[in-house]
Amino acid sequence: MPVGFDPSGRLPDLFTNVGTSSFTDFLSQAAPSLLPGRRPLPPGSADLAPHATTIVAVSYLGGVVMAGDRRATMGNLIASRDIEKVHPADAYSLVGIAGTAGVGIELMRLFQVELEHYEKIEGTMLSLDGKANRLAAMIRNNLGAAMQGLAVIPLFAGFDLDAADPARAGRIFSFDVAGGCYEETGYDGIGSGSLFAKAALKKRYRPGLGADEAARLAVEALYDAADDDTATGGPDLIRKIYPVVMTASAEGTHRLPEAETAVLAEAVVAARNENIGG
C-alpha cells in the first residue's frame, strides 16, 4: 500500500495539498516502489532481459525525424521482431529507447505522464530544454538498476517552439547512463548498432534536408546498422515489418503511416540490390 493511505478512505495530505509540478517527485513520495529505478532487485546481473537496440534522429529544415528498428534481443536470441521503440513524448517531442526493453518502456511512459502532469499543474508546456532535463533526472534515478544490468539510454528530439528560426527548430538530445544530457548537431544514434548508423549518417547528412530526405536517410542508417549488428533488425519484407518513423515539427508529432514506411524501406532495399557492397 502506498505510504500515508488511511484505512478509513480519507485521502492523505499528499493528495490534497498544493503539490509539485513533477509527477516523478510526487510518485517518489506517494509510492516510491513504482518508480523504475526504485524496484528491489536481487543480487547479480540481469543481462538476459530483452534489450531494445538502435534508434536514430535526423534534423531537417523545420523539424526532426526519429526512427527505430523493431528488433529486441535476449542474449543471442531474438526476443521480439516488432517492438516499437519510438513514441511521442508530448505534442512536439519524441523519445526513443535503447537498452533493457521493459524498463525503457516503463520510463518512457512515466516521462509522458511527467510532461502531461506539468502542463496540467502549471498551465503551460515545458520548454524543450526543460523536457530534456526532466528526462535526464529520470535516467539518473535509474542508475542503481543500470549498474545491475537494467540500463536504459533514451534519445530525445523535438520541435523547439521558442526557437528564433523555426526552420532550425528541430533539436536532438542524447544522454549517458548517469543522466548526463548533451545536445547533438544534425543527427545522432543510440543502441548497439549506433556505431554503424552514425557512420552512415556522417557521410550522407547535410544541413537543410527536407523531411522526406531526412526520413529516407534515417531508414538507410538503420539498414546499415542491421547489416553489421546482429541485434538490429532490418526491414522484414516477408513479414511486412518496417522501422517506426516519426517526425516532430511546428504541426506537432506525426508517425509515418505503415504504407509510407514500407515504400521507404523497399526503396532502400532495392537501391542496395543494385549496389550490394554499398
Side-chain angles (χ1 to χ4, degrees), residues 52-69 84-99 104-105 107-112 114-116 125-139 152-163 165-176 179-191 193-194 197-198 200-202 204-222 225 243-256 261 264:
T53 46
T54 308
I55 309 290
V56 297
V58 182
S59 63
Y60 64 86
L61 205 61
V64 64
V65 166
M66 186 178 289
D69 80 305
E84 296 189 0
K85 312 166 194 175
V86 177
H87 299 267
D90 67 359
Y92 293 96
S93 61
L94 306 167
V95 61
I97 53 130
I105 291 171
L107 187 142
M108 177 270 300
R109 289 174 176 165
L110 180 60
F111 182 51
Q112 291 172 325
E114 174 83 2
L115 299 185
E116 185 176 356
M125 187 179 293
L126 263 173
S127 68
L128 196 64
D129 290 288
K131 297 171 191 177
N133 289 332
R134 288 289 176 103
L135 183 55
M138 294 171 65
I139 301 164
V152 176
I153 300 294
L155 188 61
F156 178 66
F159 182 85
D160 189 352
L161 295 169
D162 300 321
D165 182 2
R168 301 182 182 278
R171 300 172 64 193
I172 302 168
F173 297 86
S174 66
F175 306 84
D176 61 32
C181 179
Y182 316 95
E183 183 168 2
E184 306 294 340
T185 301
Y187 62 87
D188 195 35
I190 57 169
S194 61
K198 287 196 285 186
L201 291 170
K202 184 176 182 179
R204 300 289 305 279
Y205 176 80
R206 66 182 190 280
L209 290 172
D212 293 342
E213 293 175 294
R216 168 70 182 252
L217 191 56
V219 173
E220 286 187 348
L222 290 176
V244 173
V245 182
M246 297 194 70
T247 64
S249 67
E251 286 72 43
T253 59
H254 169 69
R255 176 171 174 167
L256 266 64
T261 310
L264 266 179

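- Partners of Y60 by ring pair (Phe, Tyr, Trp, His ring centres under 6.0 Å), not counting sequence neighbours: none found.
- The salt bridge (Lys or Arg N to Asp or Glu O under 4.0 Å) search around E251 returns none, not counting sequence neighbours.
- Remark: Y187 engages Y205 in a ring pair (Phe, Tyr, Trp, His ring centres under 6.0 Å) (not counting sequence neighbours).
- The side chain to side chain contact (heavy atoms under 4.5 Å, CB included) check on A250 picks up F159, with sequence neighbours excluded.
- Partners of A167 according to the side chain to side chain contact (heavy atoms under 4.5 Å, CB included) rule, which considers only residues two or more places apart in sequence or in another chain, are L61, D165.
- A salt bridge is defined here as a Lys NZ or Arg NE, NH1 or NH2 lying under 4.0 Å from an Asp or Glu carboxylate O, and E184 with K198 fails to meet this definition.
- Under the salt bridge (Lys or Arg N to Asp or Glu O under 4.0 Å) criterion, R109 pairs with no residue at all, not counting sequence neighbours.
- Here A98 pairs with I190 under the side chain to side chain contact (heavy atoms under 4.5 Å, CB included) rule; sequence neighbours left out.
- Residues that satisfy the side chain to side chain donor-acceptor pair (under 3.5 Å) test with N133, not counting sequence neighbours, are absent from this structure.
- Listed by chain and number, the residues in a side chain to side chain contact (heavy atoms under 4.5 Å, CB included) with D212 amount to none (sequence neighbours excluded).
- Annotation: salt bridge (charged side-chain N to carboxylate O under 4.0 Å, His left out) contacts involving residues 85-98, sequence neighbours excluded, comprise D69-K85, D90-K131.
- Taking CD1 of I55 as the reference point, atom OG of S174 lies at 13.5 Å (rounded to 0.5 Å).
- When the ring pair (Phe, Tyr, Trp, His ring centres under 6.0 Å) test is applied to Y92, no partner is found at least two apart in sequence or on another chain.
- Taking the charged nitrogens against the carboxylate oxygens, D129 and R171 do have a contact shorter than 4.0 Å, which makes a salt bridge.
- With sequence neighbours left out, E116 forms a salt bridge (Lys or Arg N to Asp or Glu O under 4.0 Å) with K120.
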